[in-house]
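Everything on this sheet refers to the single structure shown next.
Heavy-atom basis, side chains included; hydrogens, waters and symmetry copies ignored. Bear in mind the structure is a predicted one, so any value in this text is a computation, not a measurement.
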Amino acid sequence: MAISKKRDTSDSRIASLRLQDKEYNEMYRKWRIEHKKDYGFYFLDNSDELTYRDGEGFITESPQAAERAAFSEIHSLLARFLCIYSLLNFLVMAAGLVMTSPEFDIPLFRSINALSFGNEFASVAVDYLVRISVRILPLFYLMKKINMPKKIFMPTKIYNKPLFFIAVPMAMLTFGVATVLSNIQHTSAALMGVDPTFSITIPRNRLCLVLSAVLTVVIVPVISEVVHHGIILQILKQFGDGYALIVTSIIAALTSCNFHIFLFTFTIMLITGFFVVRSGSILTGFIMRIVISGSVYFLTFLKTVGLPEGVYMTITSALLFVYISAGFAAVSVFIKKHSNKINLPLYKMYLDNHERIMCCLTNASVIIWLSLAFMLMIINIRWR
């Protein structure tokens with residue numbers, strides 16, 4: 001006997017949708033339905049829709065099959081997008097080797113090399129061009145493919161203001177914790193003969209210093225947030241908020257192309273992503289990433305001004321102590337007053353972890369991207 005009642009069994013499992021308004025949810029649902037055949041997972045349990053399978057007879061539509069199809073399509077798309085990003089990084093690396101190698105005496109490359117290394121303004125301009133281009137160009141490809149409305153991948157309305165107000169102290173705490181974890185990684189790497197140092201080029205000219213700081217502290221983190229906690233996170237949360245947060249953090253850490261900051265990047269992206277989801281606004285991510293990137297740039301700048309090693313270590317330790325203490329105090333007060341505004345229920349979807357891993361490991365695009373990402377990471381490892 002047919003039952004006409006319809007029940008949405010996928011939306012109820014996406015806890016973050018409760019943190020958005022009705023307009024956002026309707027736009028998100030509409031986008032998923034329109035792209036149900038490719039990039040959207042929207043399973044509607046309806047026993048009226050029967051299909052026939054040999055050996056089993058008439059059965060209802062399988063939610064596992066629907067999720068697996070969308071899961072494979074969206075991960076293949078993301079992998080192609082990430083492959084473009086990785087290949088652009090390879091081209092930048094190859095161009096750098098060609099310009100600095102005496103074996104390749106190409107007039108154009110020789111002129112660019114002499115200009116960028118002989119003039120800090122030109123060097124900063126090249127840095128702007130390269131670091132923005134390798135991020136923006138793949139982004140155009142991804143946005144064109146998914147055709148997702150701006151209000152979905154750039155949610156700006158804040159629905160959890162108490163949480164939003166502790167974004168700065170939480171960013172400070174995140175920076176402190178991530179730095180401690182990163183130091184543990186560096187110590188382990190040093191024991192294996194890897195040079196754990198990570199450096200940022202700091203110009204001497206004041207104007208160049210400001211321009212470089214704006215690029216590193218503001219522009220790159222904002223673009224990163226739009227890509228990771230905007231588009232990628234919004235796409236992947238179809239398969240559960242917990243899965244989306246973890247996978248987005250792994251993608252961000254791998255696309256850093258640097259083994260030395262893998263754990264640092266993963267930690268800050270995981271916590272920042274959680275705050276973006278829980279506050280309902282990507283503005284939270286912008287603020288947290290700018291605070292964290294600014295702290296990294298400030299400590300790097302201090303290291304280049306010629307301070308004695310002991311003084312530098314004292315300042316760094318004091319800054320970390322202040323950051324962790326202030327962040328922990330703010331979060332403790334927040335939890336005491338608003339304990340119901342920080343938790344995010346995480347529900348399982350239809351596919352289990354084993355099935356998801358197998359879908360990724362058997363996807364050719366994912367395999368190619370992982371190979372490129374690990375190659376870049378290995379190339380960037382500095383040995384003692």
Side-chain angles (χ1 to χ4, degrees), residues 158 160-189 196-200 202 209-210 212-222 224-225 228-229 245 249 252-253 256 258 260-279 281-305 307-339 341-342:
I158 302 166
N160 190 342
K161 291 184 178 180
L163 189 76
F164 176 77
F165 290 147
I166 66 165
V168 171
M170 189 61 205
M172 295 164 62
L173 177 60
T174 302
F175 173 76
V177 172
T179 300
V180 172
L181 293 176
S182 182
N183 286 335
I184 296 175
Q185 177 189 349
H186 290 175
T187 301
S188 302
T197 57
F198 172 72
S199 60
I200 300 175
I202 305 294
L209 177 63
V210 172
S212 177
V214 170
L215 175 65
T216 305
V217 176
V218 180
I219 297 178
V220 170
V222 167
S224 174
E225 280 299 294
H228 294 105
H229 293 149
L245 287 169
S249 302
S256 68
N258 198 314
H260 306 85
I261 60 173
F262 180 89
L263 192 56
F264 179 87
T265 304
F266 175 82
T267 303
I268 65 172
M269 293 301 288
L270 182 63
I271 298 177
T272 302
F274 178 87
F275 267 64
V276 169
V277 170
R278 193 60 184 84
S279 68
S281 174
I282 198 171
L283 297 178
T284 311
F286 290 165
I287 293 173
M288 294 182 70
R289 290 292 302 281
I290 289 173
V291 170
I292 293 171
S293 299
S295 301
V296 173
Y297 198 88
F298 172 72
L299 290 179
T300 306
F301 171 76
L302 284 182
K303 197 169 186 178
T304 61
V305 297
L307 291 176
E309 185 66 22
V311 175
Y312 173 75
M313 291 304 297
T314 300
I315 295 176
T316 301
S317 300
L319 182 66
L320 291 178
F321 176 78
V322 171
Y323 270 30
I324 294 175
S325 300
F328 183 78
V331 173
S332 299
V333 172
F334 173 84
I335 293 176
K336 186 177 180 180
K337 293 183 177 181
H338 309 282
S339 59
K341 291 185 177 294
I342 195 169

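Here the side chains of Lys337 and Pro162 are not in contact, with every heavy-atom distance at 4.5 Å or above.
Contact detail for Ala326 and Met172: the closest heavy-atom pair is CB-CE, 4.0 Å. Between Lys341 and Asn160, the shortest heavy-atom contact is O-ND2, 2.7 Å. Closest heavy-atom contact between Ile342 and Phe274: O-CZ, 3.0 Å. Closest non-hydrogen pair, Phe164 versus Thr284, comes out as CD1-OG1, 3.4 Å. Nearest approach of Ile166 to Ala330, heavy atoms of both residues: CG2-O, 4.4 Å. Smallest separation of non-hydrogen atoms from Thr216 and Ser293: O-CB, 3.8 Å.
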Side chains of residues 262-271: which donor-acceptor partners sit under 3.5 Å, not counting sequence neighbours?
from: Thr265; atom 1: OG1; to: Ile261; atom 2: O; distance (Å): 2.8
from: Thr267; atom 1: OG1; to: Leu263; atom 2: O; distance (Å): 2.8

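The backbone N or O of Met170 sits less than 3.5 Å from a side-chain atom of Thr174, completing a donor-acceptor pair. Although no hydrogens or angles enter the test, the distance criterion places a donor-acceptor pair under 3.5 Å between the side chain of Tyr312 and the main chain of Leu299. In this structure, Ser212 contributes its side chain and Leu209 its backbone to no donor-acceptor pair below 3.5 Å.
Atom OG of Ser281 sits about 13.0 Å away from atom NE2 of His229, to the nearest 0.5 Å. To the nearest 0.5 angstrom, Ile287 atom CD1 is 11.0 Å from Glu225 atom CD. In this structure, Ile184 CD1 and Thr179 OG1 are separated by 11.5 Å, a value rounded to the nearest 0.5 Å.
Partner Phe175 forms a side chain to side chain contact (heavy atoms under 4.5 Å, CB included) with one of Val296, Val180, Ile324 and no other, that one being Val296. Of the options Leu319, Leu320, Thr314, a side chain to side chain contact (heavy atoms under 4.5 Å, CB included) to Thr316 is made by Leu320 and by none of the others.
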- Would you sort out whether Thr272 and His228 count as a side-chain contact (heavy atoms from CB on, under 4.5 Å), showing the intermediate values? CA-CA 11 Å; Thr272 302; His228 294 105; over 6 Å; no
